[in-house]
Amino acid sequence: MLSHEYFMKIAIEQAKIAFDKGEVPVGAIVVSNNLIIAKAHNLTESLTDVTAHAEIQAITSASNYLGAKYLTQCTMYVTLEPCVMCAGALYWSQIDKIVVGASDERRGFISKNITLHPKTTYEVGILKDECSQILQDFFKLRR
């Protein structure tokens, strides 16, 4: 079985793609049975769509891959703690587990006390320094 760090590094690669496109650098992947079934990054600027967060893109891609609307037995790796909107989508997807890199104390679902699906578990802090650094670098360039 591959490690959380292994998969989070792939999510970080997606965040770097977003960075290079001028998008807020958040990356997400969905894994099922140790197989990556979806890779995504923020596309809100490219698509002119406030809902085009990495998590939403990854949910859609994984659902299409599986041919199913529920992501039971899947894990999402995401570089930044999902916002309330994404937590709602993750709730409805019934995803099994969410592994988060960096926390988001202002907009994240944990700080807002948003409940996930009762069967969903989550873990925070995997490669948090690397995940935080790419966001800090991005916003340093923007200010």
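Atoms considered below: every heavy atom in the structure, side chains included; atoms not considered: hydrogens, waters and symmetry mates. Keep in mind that what you see is a predicted model, and the values were worked out from it rather than measured.
For residues 78-101, every residue pair satisfying the salt bridge (Lys or Arg N to Asp or Glu O under 4.0 Å) rule, not counting sequence neighbours, is listed here: Lys97-Glu123. The salt bridge (Lys or Arg N to Asp or Glu O under 4.0 Å) analysis of residues 27-40, with sequence neighbours excluded, yields no pairs. The salt bridge (Lys or Arg N to Asp or Glu O under 4.0 Å) contacts involving residues 27-37 comprise nothing, where partners must be two or more places apart or lie in separate chains. Applying the salt bridge (Lys or Arg N to Asp or Glu O under 4.0 Å) test to every pair with at least one member in residues 40-67, sequence neighbours left out, gives no pairs at all.
When all heavy atoms of Ile110 and Tyr122 are compared, the closest pair comes out as CD1-CE1, 3.4 Å. For the residue pair Gly101 and Cys131, the shortest heavy atom distance occurs at CA-SG, 3.7 Å. Heavy-atom minimum distance, Ala102 versus Ser132: CB-OG, 3.4 Å. For the pair Ala54 and Ala40, the tightest heavy-atom approach, listed with the atom from each and the gap, is O-CB, 3.5 Å.
More than 12 heavy-atom neighbours from other residues, nucleotides or ligands sit within 6.0 angstrom of CG on Asp20.
Among Leu80, Asp137, Ile134, the one residue that satisfies the side chain to side chain contact (heavy atoms under 4.5 Å, CB included) test with Pro25 is Ile134. The side chain to side chain contact (heavy atoms under 4.5 Å, CB included) test with Thr79 singles out one residue from Ile126, Ile12, Leu127, and that residue is Ile12.
Taking 4.5 Å as the limit, every side-chain heavy atom of Val31 sits out of range of all side-chain heavy atoms of Cys74. Side-chain contact check for Val26 versus Phe19: every heavy-atom pair is 4.5 Å or farther apart. The shortest distance between side-chain heavy atoms of Ile98 and Val78 falls below 4.5 Å. Within the 4.5 Å cutoff, side-chain heavy atoms of Tyr77 are placed close to those of Thr75. Looking only at side-chain heavy atoms (C-beta outward), Val30 and Ile36 stay at 4.5 Å or farther from each other.
To the nearest 0.5 Å, atoms CD1 (Ile95) and OG1 (Thr121) are separated by 10.0 Å. One finds the CZ atom of Arg106 at 10.0 Å from the NZ atom of Lys112 (value rounded to the nearest 0.5 Å). The CG atom of Asp104 lies 11.0 Å from the SG atom of Cys86; values are rounded to the nearest 0.5 Å.
For Gln136, there are no side chain to side chain donor-acceptor pair (under 3.5 Å) partners at least two apart in sequence or on another chain. The side chain to side chain donor-acceptor pair (under 3.5 Å) check on His53 picks up nothing, with sequence neighbours excluded. Residues meeting the ring-ring contact (aromatic ring centres under 6.0 Å, His included) test with Phe139, sequence neighbours left out: none. Looking at residues two or more places apart in sequence or on another chain, you find a side chain to side chain donor-acceptor pair (under 3.5 Å) between Lys21 and His41. Qualifying side chain to side chain donor-acceptor pair (under 3.5 Å) partners for Gln94, counting only residues two or more places apart in sequence or in other chains: none. Every residue two or more places apart in sequence or in another chain that forms a side chain to side chain contact (heavy atoms under 4.5 Å, CB included) with Ser3 is listed here: Glu5, Tyr6.
Note: the hydrophobic cluster containing Val50 does not contain Phe109 (ILVMFWY, side chain heavy atoms under 4.5 Å, direct or indirect links). The same ILVMFWY cluster, assembled from side-chain heavy atoms under 4.5 Å apart, contains both Met8 and Leu2. A single hydrophobic cluster is not seen to contain both Val84 and Tyr91; linkage of ILVMFWY side chains at heavy-atom distances under 4.5 Å, directly or through other members, places them apart. Taken together through direct or relayed side-chain contacts under 4.5 Å among Ile, Leu, Val, Met, Phe, Trp and Tyr, Val100 and Met85 form parts of separate hydrophobic clusters. Leu116 and Leu71 fall within a single hydrophobic cluster, where Ile, Leu, Val, Met, Phe, Trp and Tyr are joined by side-chain heavy atoms under 4.5 Å apart, directly or via other members.
Hydrophobic side-chain contacts under 4.5 Å tie Leu47 into a cluster, directly or through other members, with Leu43.
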Taking only distance into account, with no hydrogens and no angle test, what donor-acceptor pairs under 3.5 Å do side-chain atoms of residues 56-69 form with protein atoms, sequence neighbours excluded?
from, atom 1, to, atom 2, distance (Å)
Thr60, OG1, Ile56, O, 3.1
Ser63, OG, Ile59, O, 3.0
Ser63, OG, Ala68, O, 3.4
Asn64, ND2, Thr60, O, 3.3

Would you check, one step at a time, whether the test side-chain hydrogen bond (donor to acceptor under 3.5 Å, both in side chains) holds for Glu23 with Ser46?
CA-CA 8 Å; Glu23 300 278 357; Ser46 301; 2.8 Å; yes
Residues Ile37, Ile29; criterion side chain to side chain contact (heavy atoms under 4.5 Å, CB included); working and verdict:
CA-CA 8 Å; Ile37 63 169; Ile29 66 168; over 6 Å; no
